[in-house]
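Side-chain atoms are counted along with the backbone in the values below, which use heavy atoms only and exclude waters and symmetry mates. Note that the structure is a prediction, hence the values are computed from the model and not measured.
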Amino acid sequence: QVQLVESGGGLVQVGGSLRLSCAASGSIFSISDMGWYRQAPGNQRELVAAITSGGNTNYADSVKGRFTISRDNAKNTVYLQMNSLKPEDTAVYYCKAAVVDYSDIRYENDYWGQGTQVTVSS
């Protein structure tokens with residue numbers, strides 16, 4: 001069994017910064033891609049940033065130049081540094097990880113965190 005726990009959300013003013021963390025734990029054999037998604041009320045969940053096990057990154061156009069995704073493979077943790085925050089960034093942020101569970105290494109499954117609220121006030 002694998003669990004992802006996010007932290008670091010909160011209320012910030014326009015132009016402020018937040019750093020989100022997501023730690024995976026449990027019977028982890030390996031983790032390939034990890035990513036951050038967000039969902040605002042009435043909107044679909046969208047990819048914000050993704051990072052491969054080797055460190056290659058991909059960002060949504062709306063956050064390029066402002067957000068940075070990184071990971072610590074030794075800690076099974078992915079981070080999202082968010083700078084120059086805008087009201088449009090307000091959403092629940094979810095982390096996702098593609099994980100091979102040590103209990104059955106034949107399969108890779110996606111696991112999701114519980115979500116953390118980010119609110120940017122105007």
Original post:
Does Leu20 share a hydrophobic cluster with Val14, counting links as ILVMFWY side-chain heavy atoms below 4.5 Å and allowing steps through other members?
Top reply: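 Yes, Leu20 connects to Val14 through the hydrophobic network.
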Original post:
Out of curiosity, does Val78 fall in the hydrophobic cluster containing Ile28 (side-chain heavy atoms, cut-off under 4.5 Å, transitive links)?
Top reply: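 Ile28 and Val78: one cluster.
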Original post:
Can you list the residues that meet the ring-ring contact (aromatic ring centres under 6.0 Å, His included) rule with Tyr111, with sequence neighbours excluded?
Top reply: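 ring-ring contact (aromatic ring centres under 6.0 Å, His included) check on Tyr111 returns nothing, list empty.
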Who pairs with [X] by side chain to side chain donor-acceptor pair (under 3.5 Å), at least two apart in sequence or on another chain?
X	value
Asn73	Arg71
Asp101	Ser27, Ser103
Asp104	Arg106
Ser70	none

At what distance, to the nearest 0.5 angstrom, does [atom1] of [X] lie from [atom2] of [Y]?
X	Y	atom1	atom2	answer
Lys96	Tyr37	NZ	OH	3.0 Å
Ser25	Asn76	OG	CG	8.5 Å
Gln44	Gln39	CD	CD	8.5 Å
Met34	Leu80	CE	CG	12.0 Å
Ile51	Thr68	CD1	OG1	10.0 Å

**OP:** Output all residues satisfying side-chain contact (heavy atoms from CB on, under 4.5 Å) with Thr119, sequence neighbours left out; order by chain, then residue number.
**Re:**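 For Thr119, the residues satisfying side-chain contact (heavy atoms from CB on, under 4.5 Å) (neighbours in sequence not counted) are Leu11, Thr90, Gln117.
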Subject >> Other ILVMFWY residues reachable from Tyr107 by side-chain steps of under 4.5 Å >> reply: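 In the cluster with Tyr107 there is nothing else; it is isolated.
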Original post:
When clusters are formed from ILVMFWY side-chain contacts under 4.5 Å, directly or step by step, what else is grouped with Val5?
Top reply: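 None; Val5 is a cluster of one.
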Original post:
Any side-chain heavy atom of Leu18 sitting closer than 4.5 Å to one from Val118?
Top reply: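 Side-chain contact under 4.5 Å: yes.
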Subject >> Polar side chain donor-acceptor pair, Asp72 to Thr77, under 3.5 angstrom >> reply: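 No.
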**OP:** With sequence neighbours excluded, give me every disulfide (SG to SG under 2.5 Å) pair touching residues 50-111.
**Re:**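 Counting only pairs at least two positions apart or across chains, the disulfide (SG to SG under 2.5 Å) contacts touching residues 50-111 are Cys22-Cys95.
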Original post:
Looking only at heavy atoms, which two atoms of Gly115 and Val92 are closest? And how far apart?
Top reply: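 Answer, listing the atom of Gly115 first, then Val92: CA-CG1, 3.8 Å.
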Original post:
For the residue pair Asn83 and Ser17, what are the closest heavy atoms and their distance?
Top reply: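 Nearest pair, atom of Asn83 first, then Ser17: OD1-OG, 2.9 Å.
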**OP:** Just grab all the ring-ring contact (aromatic ring centres under 6.0 Å, His included) pairs involving residues 60-103, residues at least two apart or on different chains.
**Re:**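 Residue pairs with at least one partner in residues 60-103: Phe29-Tyr102.
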Subject >> Step-by-step side-chain hydrogen bond (donor to acceptor under 3.5 Å, both in side chains) determination, Ser21 to Glu6 >> reply: CA-CA 6 Å; Ser21 299; Glu6 300 127 325; over 6 Å; no
Subject >> Listed partners of Arg45 passing salt bridge (charged side-chain N to carboxylate O under 4.0 Å, His left out), at least two apart >> reply: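 Listed in chain order: nothing, the list is empty.
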**OP:** Before accepting this row, confirm whether a basic side-chain N of the pair Asp89/Arg66 lies closer than 4.0 Å to the acidic partner's carboxylate O.
**Re:**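 Yes, Asp89 and Arg66 are salt-bridged.
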Enumerate, atom names and distances included, each donor-acceptor pair closer than 3.5 Å involving a side-chain atom of residues 53-62, sequence neighbours excluded.
residue	atom	partner	partner atom	Å
Tyr59	OH	Ile69	N	2.9
Asp61	OD1	Lys64	NZ	3.0
Ser62	OG	Arg38	NH2	3.4

